[in-house]
Amino acid sequence: MEKYLSIGQMAKYNRTTIPTLRYYDKLGLLKPCHIDEQTGYRYYDIKQNARFDLIQYMKELGMALKEIANILEKEDLQLIETTLIKKKEATLQAIENLNYQKNAIHRTIENIDRYRKSPVSGTLTLEYIPERKYYAIDAEINFYNYGIDTYEELLVKLKDHLIQHHIPQVYFCNAGITMRKEDFLKAEFVSDRIFIFVDDHCPLPSPPKIIESGMFACIYLDQFELEKEYAKKLLQFCEHNDYEISGDYICEVLTELNYFDCKERSMFIRLQTPILVK
């Protein structure tokens, strides 16, 4: 007489649960080889462990149970290969997305640490800043003639642009504004472009622009409304020290502190301009 395993024994052998085996039976994945007509008890053959192992292996490959049931029912090797190719593509995309997330977490930690160690608002500095890459769109409207609400509208436009071009939203934080060198020198506030800093892994519809490494005159502030006033202080600082301004003005949001304020965007900002020291 053939020896059967009870459903409890089958579950124990395979380190699973009785409800799991019942669910596999319901889906047609792994049916008992015998059901007692009088008691309704399910019994399995130990050789069915091979089928159970296959189901678990396919789950590890990222397949859903219903997907596995469909594949096993059709017994089509081509279908199995096609499904695995799709899973491979989905896995690679998931890895890429996790890398974006990992890099974003790293940047956020750096930004918070930099905020804690940065000078107080109003501090003027000379700093060497390494090369940076950024992606920008035209501002189209001069938000300096308006205020924070118009700036928020520009951010919405930038966000929409990133979504349309499948640029991961983890790059959206720390957006900034540029102003042409000519306008800055005349203290005529005209927003030129709104941008995000990017890295080598960011998928972009066009090559990023480069901010070359070098010395920058900088001033820090923690209130959006103070930008014009502090930008003028930065310009006066350069003129007083005979620093030659060699490129466009940049308003860089170092970090956002909306963890503590839900009413409006709270920012720590570094205004900067590249200089040549004579």
Side-chain angles (χ1 to χ4, degrees), residues 1-109 135 156-173 196 198-208:
M1 179 178 176
E2 191 170 0
K3 183 179 178 181
Y4 294 130
L5 298 176
S6 70
I7 191 170
Q9 290 174 312
M10 186 68 172
K12 183 177 180 180
Y13 277 18
N14 289 286
R15 295 177 179 269
T16 189
T17 65
I18 292 174
T20 296
L21 291 177
R22 286 176 175 161
Y23 188 53
Y24 283 7
D25 182 9
K26 180 180 178 181
L27 292 177
L29 281 167
L30 181 61
K31 289 189 169 294
C33 66
H34 175 72
I35 298 179
D36 190 295
E37 293 181 359
Q38 293 182 340
T39 63
Y41 289 168
R42 295 172 170 85
Y43 293 94
Y44 295 82
D45 189 315
I46 195 169
K47 293 188 288 295
Q48 288 182 281
N49 284 349
R51 182 74 162 203
F52 182 89
D53 290 343
L54 175 63
I55 295 167
Q56 300 306 103
Y57 178 68
M58 295 175 83
K59 283 174 60 181
E60 290 295 318
L61 296 179
M63 296 185 190
L65 288 176
K66 290 184 179 180
E67 193 173 25
I68 296 171
N70 180 55
I71 288 173
L72 296 181
E73 180 186 1
K74 293 186 177 179
E75 299 182 351
D76 184 344
L77 196 61
Q78 181 64 46
L79 175 61
I80 296 173
E81 183 179 20
T82 300
T83 302
L84 288 175
I85 290 172
K86 291 180 179 178
K87 290 297 176 186
K88 177 183 176 181
E89 293 171 351
T91 300
L92 290 174
Q93 183 61 56
I95 291 171
E96 191 172 69
N97 291 339
L98 284 172
N99 279 327
Y100 292 144
Q101 185 177 10
K102 179 193 72 174
N103 293 336
I105 291 171
H106 179 70
R107 286 195 302 272
T108 303
I109 292 172
Y135 179 75
V156 170
K157 176 187 172 185
L158 175 62
K159 188 190 303 183
D160 287 344
H161 181 89
L162 299 182
I163 292 172
Q164 290 171 10
H165 290 85
H166 308 291
I167 300 173
Q169 291 296 289
V170 292
Y171 290 99
F172 179 67
C173 65
I196 54 169
V198 297
D199 54 32
D200 293 332
H201 306 291
C202 183
L204 298 172
S206 59

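The first residue of the sequence shown is numbered 1, and numbering continues consecutively from there.
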Using side-chain heavy atoms (C-beta onward) and a distance below 4.5 Å, is Cys33 in contact with Gln48? yes
Angle between ring planes, Phe52 versus Tyr24, binned at 30° and 60°: parallel, tilted or perpendicular? tilted
Working to the nearest 0.5 angstrom, can you tell me the gap between Asp76 CG and Glu81 CD? 10.5 Å
Answer yes or no: is there an ion pair linking Lys87 with Glu67, defined by an N-O contact shorter than 4.0 Å? yes
Between Tyr135 and His161 (judged by ring centroids, cut-off 6.0 Å), do the two rings come close enough to count as a pair? yes
CD1 of Ile163 to NZ of Lys159: how many Å apart, nearest 0.5 Å? 7.0 Å
Side chain proximity check, Ile7 to Asp25, heavy atoms < 4.5 angstrom: no
Side chains of Phe172 and Leu158: closer than 4.5 Å at any heavy-atom pair? yes
Criterion side chain to side chain contact (heavy atoms under 4.5 Å, CB included) on Leu84 and Met63, from CA distance to verdict: CA-CA 9 Å; Leu84 288 175; Met63 296 185 190; 3.3 Å; yes
Which heavy-atom pair separates Leu72 from Leu54 by the least distance, and what is that distance? CD2-CD2, 3.9 Å
Shortest non-hydrogen separation from Leu21 to Leu30 and the atoms involved: CD2-CD2, 4.2 Å
Between Thr16 and Met10, is a side chain to side chain contact (heavy atoms under 4.5 Å, CB included) present by the stated rule, with each step listed? CA-CA 8 Å; Thr16 189; Met10 186 68 172; over 6 Å; no
Walk me through it: do Asn70 and Leu79 pass the test side chain to side chain contact (heavy atoms under 4.5 Å, CB included)? CA-CA 10 Å; Asn70 180 55; Leu79 175 61; 4.2 Å; yes
Gap between atom CD of Gln56 and atom CG of Leu61 - 0.5 Å precision: 11.5 Å
Does Leu92 form a side chain to side chain contact (heavy atoms under 4.5 Å, CB included) with Glu89? I'd like the steps, not just the answer. CA-CA 5 Å; Leu92 290 174; Glu89 293 171 351; 5.7 Å; no
Pick one: which of Ile167, Val170, Asn103 meets side chain to side chain contact (heavy atoms under 4.5 Å, CB included) with Cys202? Ile167
Looking at side-chain heavy atoms only, is the closest gap between Ile68 and Ile71 below 4.5 Å? no
Looking at Leu77, I'd like to know if its CG atom is crowded, meaning that more than 12 non-hydrogen atoms belonging to other residues, nucleotides or ligands lie closer than 6.0 Å. no
Which pair of non-hydrogen atoms, one from Ala11 and one from Ile18, has the smallest distance, and what is that distance? CB-N, 4.0 Å
Under a 4.5 Å cut-off applied to non-hydrogen side-chain atoms, are Leu162 and Gln169 in contact? yes
Taking the side chain as every heavy atom from C-beta outward, state whether Tyr41 and Ser6 have any pair of such atoms under 4.5 Å apart. no
Separation of Lys102 NZ from Asn99 CG (nearest 0.5 Å): 5.0 Å
Quick one: does NZ or CZ of Arg51 land under 6.0 Å from the six-membered ring centre of Tyr44, within 45 degrees of the ring axis? no
Contact between Tyr23 and Leu29 at the side-chain level, heavy atoms closer than 4.5 Å - yes or no? no
Please determine whether a side-chain nitrogen of the Lys or Arg among Arg42 and Asp36 lies less than 4.0 Å from a carboxylate oxygen of the Asp or Glu. no
Within the 4.5 Å heavy-atom criterion, are Thr82 and Ile80 side-chain neighbours or not? no
Under 3.5 Å, is there a donor-acceptor pair linking the side chains of Asn97 and Gln93? yes
